[in-house]
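Residue numbering restarts at 1 for every chain, and letters A, B, ... go by the order of the sequence lines. If you're wondering where the values come from, they're calculated on a predicted model, not measured in any experiment.
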Amino acid sequence: VTRSRSVVAVFALLFVVVALARPEGTEVERLDCRSAIFRAGELDGRIVEIEAEAIGCRMARGSYSWINIGGFGKALGAWAPSEVIPEELSFGSWSRTGDTLLVRGILNKACAEHGGELDIHAASIEIAARGAPTPHPVEPSRLAAAIGLVLVAAALLPVWLARERAARRRTGAGGRDRIRSLKERKGTGVLCLRESSSWWLSEALRVRPISCDGRCGRPGP
Amino acid sequence: VRLRSTSSAYRILISLVGKSLIGLGLLLALPFTASLLAGEWPAAVDFLIGIGATLAAGFALSGAGAGDDRPSRGIVMISLAFSWPTAMIFSAIPFWLSGHCASFLDAAFDAMCCLTTTGFSFLGDIDHVSIGLTTWRHVLAFAGGQAAVVMALVFSAEWPAGVGEPPIWSDMEGLFSRSIARTATNVLCAGLPYFAIGTVSLSVVGIATGLPLGQAVLHGLWIFMSAWSTTGIAPMSQNLIFYHSGLYETLAIVFSMLGAFNVALRFASGRKRVEIGWNLETATLVVSLTALALIVCASLAEAGTYADGLSLFRSGFSTLASAHASTGFATVYPQRLAADWGSASVLALIFAMLVGGSSLSAAGGFKGLRIGLVAKAILGDVRRVSSSPSAVSEQRFRYIGERVVDDAVLRNALTIIVLYVGAFAVASLLGTVAGFPLGEAAFEAASAVGNVGLSIGLATSAMPGFLKITYVVVMWLGRLEFTAAIMAAGFVVAVIGGRR
């Protein structure tokens with residue numbers, strides 16, 4: 001399988017080289033990724049030149065590599081011999097824009113070699129422009145808003161906890177009353193299903209919620 | 001369940017919605033931590049704003065609603081229906097602050113897509129999104145998927161009406177509980193082995209595809225969360241195409257199909273309960289997937305879209321399987337789907353998206369069980385007509401134990417199917433009103449109502465606002481399987497009407 005793939009790859013490369021060695025003056029259409037994807041039907045099997053940013057990372061597969069290139073919200077993969085890919089390549093991410101590449105090769109609408117992918121088999125890859133770090137300064141107003149909101153939440157937390165505790169105390173649904181009630185029934189193997197929200201307590205006390213024994217005094221659902 | 005719009009009902013409702021916001025606020029700590037670890041300080045500040053706002057609102061609402069009353073099942077369901085849109089607004093804050101969304105509506109749309117495990121995305125320039133925001137998208141999707149499973153288990157909405165608890169309910173001990181918290185813990189624990197295997201296997205294959213170690217692990221984790229919750233989002237704009245690996249795609253789709261598989265059945269089969277093969281839902285899904293795969297492959301082969309069997313599998317079958325599991329991982333560009341796939345293939349995808357996966361799973365759609373029940377009832381009627389008038393027959397089916405197909409069961413299944421089809425029709429109609437061709441509008445509508453997220457190219461930020469809102473509503477309805485949403489609507493009507 002590996003040998004047959006290599007043969008296919010060599011022929012594909014030869015085809016690209018022969019196709020690229022066309023007489024001067026033959027124009028190769030320069031596209032962005034969006035146009036390449038939208039017009040793949042029309043451009044299938046033709047030589048194109050795509051100008052786009054390198055994104056993600058270089059994915060080496062033997063003597064070849066995948067480079068993903070993107071722009072205008074669309075991206076596609078360029079399959080190229082590792083030696084035609086520039087060594088010092090930077091890829092776009094949150095913290096930086098990647099190098100802008102000029103990728104020249106054959107566009108395949110449904111590449112038979114790569115499981116029907118839409119890809120470009122590149123014969124040459126050049127760096128058109130170097131990428132650069134993207135500045136992401138922290139905005140003081142946002143920082144102030146964040147601190148303010150966290151303080152508000154922190155101030156509301158004890159109020160919420162107090163109200164929850166008070167509600168549980170009134171219903172006997174929480175805290176010490178609940179633990180005492182459960183301990184009294186420990187070993188009986190019976191616990192009201194309506195109380196099963198405190199499953200962690202019933203687990204801890206090894207009381208299985210089987211059915212209501214009528215002692216809970218709680219209204220039905 | 002009787003609705004009582006009394007002050008106590010309001011209080012409980014407010015308290016439960018508040019508690020869901022508190023949970024959401026705590027969940028935001030995960031992307032906040034990821035941002036800190038990645039040194040993405042501005043993103044961390046955005047998450048801090050989200051945490052502060054969500055927790056403050058959660059504490060305020062929960063505190064205001066704290067009372068003596070225990071919530072009834074109906075009120076809990078209504079509060080769940082309200083929790084989804086409320087969570088959408090608060091979870092959209094980091095999306096909006098990131099600057100990757102053109103408007104707050106787009107941010108809310110993206111958040112709803114994650115929460116309902118749909119997987120459309122209006123995020124601009126996904127390839128430059130921070131690690132924190134990518135983590136948030138996937139965590140939100142994972143939480144949304146698990147919440148859907150827990151909701152279905154707790155309320156047993158999926159059990160055919162009238163048959164009560166399944167005969168082997170006792171065998172579900174360790175999974176099911178009437179306590180939401182306990183069921184959620186059980187569901188998460190039951191998924192832990194898959195989580196570990198999925199993340200590790202995707203990471204290893206990621207390394208083999210050429211990703212650096214750190215990226216391979218992060219992508220493995222994100223893609224697993226997306227697959228398990230049947231969301232189908234990915235960290236890069238190319239979705240699964242980014243990896244250029246058939247094995248990676250296959251793994252992601254296998255985990256998404258496992259995520260779309262009935263959690264109770266998975267749990268029971270883990271305890272040597274061999275019912276999967278005879279289970280009505282599993283059988284229906286296998287038949288449906290096989291039939292649709294044949295249609296898609298024949299149609300694509302006829303059109304000559306793909307040159308060989310491997311391409312047909314990677315691009316054709318993978319897309320169909322992903323649609324049927326209501327995941328929506330993309331192995332084909334949406335524009336190529338529209339241009340190169342024939343009408344028969346597109347129709348097969350629409351049907352697959354509407355059917356979806358199993359009940360009691362993270363999958364959307366009207367589920368294999370309901371289709372199986374309707375098919376069985378039709379076959380039963382045909383048999384009855386062709387047999388002697390005096391013959392009395394009882395139709396039975398296996399779905400975690402043996403059950404009888406009676407009118408109540410059938411009415412329940414048909415009602416949900418009709419509601420899904422109605423929502424699909426309305427969303428398709430509004431798509432055509434927005435100026436899109438019927439086929440494409442129907443495809444996108446099926447994807448939205450079935451919580452799939454597979455796109456044919458219409459669902460973009462440039463879409464009209466009213467269509468975005470329509471999709472948000474149908475995604476929400478589809479996720480709640482209409483029941484909770486109808487109860488919530490009834491509650492609102494009762495409140496407006498002042499009924500007591």
Side-chain angles (χ1 to χ4, degrees), chain A residues 37-38 40-41 55-61 65-66 68 70 73-77 79 92-95 97 109-110 112 114-119 134 136-139 142-143 145-153 156-157 159-160 163-164 166-167 170-171 173 193-194 196-197 199 218-219 221, chain B residues 18 25 40-43 45-46 48-49 51-53 55-56 59-60 62-63 66-68 70 72-73 97 124-131 177-182 209-212 215 236-238 241-244 246 305-308 310-316 332-333 335-336 339-340:
Chain A
I37 292 167
F38 276 73
I55 52 162
C57 60
R58 175 184 182 149
M59 291 189 267
R61 309 271 172 92
S65 293
W66 280 107
N68 287 299
K74 293 283 167 198
L76 59 87
W79 172 249
S93 63
W94 179 78
S95 57
T97 52
K109 185 181 77 173
H114 295 116
E117 272 189 42
L118 193 168
D119 63 13
T134 313
H136 288 287
V138 175
E139 289 179 30
R142 282 195 186 186
L143 188 59
I147 293 168
L149 282 165
V150 169
L151 286 176
V152 171
L156 285 168
L157 175 64
V159 179
W160 171 64
R163 293 204 61 162
E164 281 285 314
R170 278 200 298 278
T171 56
L193 269 177
R194 296 167 202 155
S196 61
S197 60
W199 62 269
R218 289 182 192 288
Chain B
E40 297 167 340
W41 311 118
V45 169
D46 293 347
L48 210 54
I49 291 175
I51 291 171
L55 285 181
F59 292 146
S62 189
D68 308 349
R70 287 178 74 81
S72 68
R73 183 174 178 263
L97 292 175
D125 201 9
I126 289 182
D127 299 321
H128 292 91
V129 163
S130 66
I131 288 175
S177 165
R178 278 180 168 73
S179 153
I180 295 177
R182 185 174 191 173
T209 63
L211 290 175
Q215 277 196 42
M236 306 303 283
S237 63
Q238 289 157 283
I241 304 169
F242 172 82
Y243 305 99
H244 308 290
T305 311
Y306 299 107
D308 58 311
L310 181 66
S311 303
L312 207 57
F313 176 79
R314 267 187 70 184
S315 301
V332 178
Y333 288 96
Q335 292 72 25
R336 300 324 309 165
D340 304 332

Quick check on B/Ala53 against chain A: is it the side chain, the backbone, both or neither that has a heavy atom closer than 4.5 Å?
both

Specify which of A/Glu139, A/Glu164, A/His114 makes the most heavy-atom pairs with chain B at under 4.5 Å.
A/Glu164

Return the CZ to CG distance between A/Arg58 and B/Leu211, rounded to the nearest 0.5 Å.
14.0 Å

Nearest non-hydrogen partners of A/Ala146 and B/Val45, listed with the distance
CB-O, 3.9 Å

From CD (A/Glu117) to OG (B/Ser315), nearest 0.5 Å:
7.5 Å

A/Gly116 to B/Ser311 - nearest heavy-atom pair and separation:
N-OG, 3.2 Å

Would a 4.5 Å heavy-atom cut-off, applied to side chains only, mark A/Ile55 and B/Gln238 as touching?
yes

Region of B/Phe313 in contact with chain A, defined by heavy-atom distances below 4.5 Å
neither

Examine whether an atom of B/Ala56 lies under 4.5 Å from a heavy atom of chain A, and if so say whether it belongs to the side chain, the backbone or both; otherwise answer neither.
both

Between A/His136 and B/Glu40, is a side-chain hydrogen bond (donor to acceptor under 3.5 Å, both in side chains) present by the stated rule, with each step listed?
CA-CA 8 Å; A/His136 288 287; B/Glu40 297 167 340; over 6 Å; no

Only pairs of heavy atoms separated by less than 4.5 Å count here; which of A/Gly92, A/Gly56, A/Cys57 has the most with chain B?
A/Cys57

Side chain, backbone, both or neither: which part of B/Ser237 has a heavy atom under 4.5 Å from chain A?
side chain

Of the backbone (N, CA, C, O) and the side chain (C-beta and beyond), which part of B/Asp127 lies under 4.5 Å from a heavy atom of chain A, both, or neither?
both

Locate the shortest heavy-atom distance separating B/Phe242 from A/Met59; write the atom from each residue and the value.
O-CE, 3.0 Å

Rounded distance [0.5 Å steps], CZ in A/Arg61 versus NE2 in B/His244:
7.5 Å

Atom group of A/Leu151 that falls short of 4.5 Å from chain B, counting heavy atoms:
neither

B/Leu312 versus chain A, heavy atoms under 4.5 Å apart: side chain, backbone, both or neither?
neither

Which atoms of A/Ala60 approach chain B - backbone, side chain, both or neither, heavy atom under 4.5 Å:
backbone

Rounded to the nearest 0.5 Å, what separation is found between the CD1 atom of A/Ile37 and the OH atom of B/Tyr333?
4.5 Å

From CZ (B/Phe59) to CZ (A/Arg163), nearest 0.5 Å
14.5 Å

Atom of A/Trp160, atom of B/Gly63 and distance for their closest heavy-atom approach:
CD1-N, 3.3 Å

Per-residue tally against chain B (heavy atom, under 4.5 Å) across A/Ser93, A/Gly77, A/Ala112 peaks at A/Ser93

Given heavy-atom pairs under 4.5 angstrom as the criterion, report whether the side chain, backbone, both or neither of A/Arg142 touches chain B.
both

Heavy-atom pairs under 4.5 Å with chain B are the metric here; pick the option from A/Pro137, A/Gly148, A/Ala75 that has the most.
A/Ala75

Applying a strict 4.5 Å limit to non-hydrogen atoms, the region of B/Leu55 in contact with chain A is both

I need the A/Lys109 NZ to B/Arg336 CZ distance, nearest 0.5 Å.
6.0 Å

Any B/Met236 side-chain heavy atom under 4.5 Å of A/Asn68 side chain
no

